[in-house]
Structures are given as C-alpha cells and as structure tokens.
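Just so it is clear, the structure is predicted and the values come from calculations on it, not from any experiment.
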Amino acid sequence: MKSLKKLLQLYEDIISVNHRTEIARELREEDDLFLFLCLSETLGLPDPAYYYTLELYPYMLEKFHDWHLRMGMDKSPLTGFRCC
C-alpha cells in the first residue's frame with residue numbers, strides 16, 4: 001500500500017513539475033485581486049462589502065507589504081497602514 005502511494009505521489013510530481021510556477025503565479029494573482037477588493041474602500045474605490053471585509057484586516061496586514069510592492073507602489077498608499 002505504501003509503495004502504491006509513493007508511486008502515485010511520484011506520478012503527480014512528474015506531471016506537476018512543469019506547471020508549478022504557473023500555478024504559483026495564478027494563486028498569487030488571485031491573492032492580489034482578493035487583497036485589492038478587500039482594500040478598495042481604503043484606496044478610494046467604493047466597495048459595497050466593506051463592512052464585511054473590515055473583519056479581515058488583521059489577517060491581511062502581514063501580506064499587505066508584499067502586495068503593495070508587487071503592485072508597483074514603493075510606499076504604502078494608505079495613511080493608516082505603516083509597513084515600510
């Protein structure tokens with residue numbers, strides 16, 4: 001049974017080795033879009049779900065610095081978030 005699991009894992013690794021960077025890029029883009037949608041109200045764009053996404057801010061603070069650097073902003077665009 002263990003050898004079958006190892007064989008299946010090896011098969012999955014062989015198939016996904018060419019697509020790992022592509023999958024990682026797509027996940028990063030989805031994460032960037034989600035952060036943008038959650039922070040759109042603080043960036044000046046109207047967000048109808050602002051009241052509900054406000055609870056997510058403590059979890060997003062850790063990723064915010066990497067996000068605004070990937071978006072091409074050298075410094076934080078928000079006055080209330082000091083991360084740089």
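With sequence neighbours excluded, the residues forming a salt bridge (Lys or Arg N to Asp or Glu O under 4.0 Å) with Arg20 are Asp13, listed by chain and number.
Here Lys5 contributes atom NZ and Lys2 contributes atom NZ; the two are 8.5 Å apart, rounded to the nearest 0.5 Å. In this structure, the separation between CZ on Arg70 and CG on Asp32 is 4.0 Å, given to the nearest 0.5 Å. Rounded to the nearest 0.5 angstrom, Ile23 CD1 and Leu27 CG are separated by 7.5 Å.
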Evaluate the side-chain contact (heavy atoms from CB on, under 4.5 Å) criterion for residues Lys6 and Gln9: first the C-alpha distance (whole Å), next the side-chain angles of each, then the deciding distance (0.1 Å), finally the verdict. CA-CA 5 Å; Lys6 287 182 182 181; Gln9 183 64 35; 5.6 Å; no
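Side-chain atoms of Tyr11 and Ile15, non-hydrogen and from C-beta on, do get closer than 4.5 Å to each other.
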